[in-house]
Amino acid sequence: MQVTVRDNNVDQAMRALKKKLQREGVFREMKLRRHFEKPSEKRKRERAEAVRRHRKLLRKRLEREGF
């Protein structure tokens, strides 16, 4: 990952870097890896995330169609 610093503005570059890391999911991954997660807990969490994503997709689709 690469971020360019323009006009010696490090604060702006840091913000850009943080935004890129957030988009890539690095912070989320770090949070998840702080503690060991049992395989059963991982499956349960991933299943819940999939359900949440699916419901969000349905909500957006209904909103687009005007219901």
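Because the structure is a prediction, the values reported are computed rather than measured.
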Next on the checklist: If you count heavy atoms of other groups shown closer than 6.0 angstrom to CD of Glu65, is the number above 12?
Outcome noted: yes
Checklist entry - So does Asn8 have more than 12 non-hydrogen atoms from other groups sitting under 6.0 Å from CG? => result no
Item to check | Taking every non-hydrogen atom, the tightest pair across Val5 and Val10 | outcome: CG1-N, 4.2 Å
Checklist outcome for this item: Looking only at heavy atoms, the pair that brings Lys18 and Phe27 closest together is O-CE1, 3.7 Å
Checklist entry - Would you say Met30 and Met1 are hydrophobically clustered, going by side-chain heavy atoms of ILVMFWY under 4.5 Å? => result yes
Approximate separation, where rounding is to 0.5 Å, of [X] [atom1] and [Y] [atom2]:
{"X": "Leu57", "Y": "Arg53", "atom1": "CG", "atom2": "CZ", "answer": "10.5 Å"}
{"X": "Arg55", "Y": "Arg59", "atom1": "CZ", "atom2": "CZ", "answer": "9.0 Å"}
{"X": "Gln12", "Y": "Thr4", "atom1": "CD", "atom2": "OG1", "answer": "8.5 Å"}
{"X": "Leu17", "Y": "Lys19", "atom1": "CG", "atom2": "NZ", "answer": "12.0 Å"}

Item to check | Single hit among Lys31, Arg45, Lys44, Arg43 for salt bridge (charged side-chain N to carboxylate O under 4.0 Å, His left out) with Glu37 | outcome: Arg45
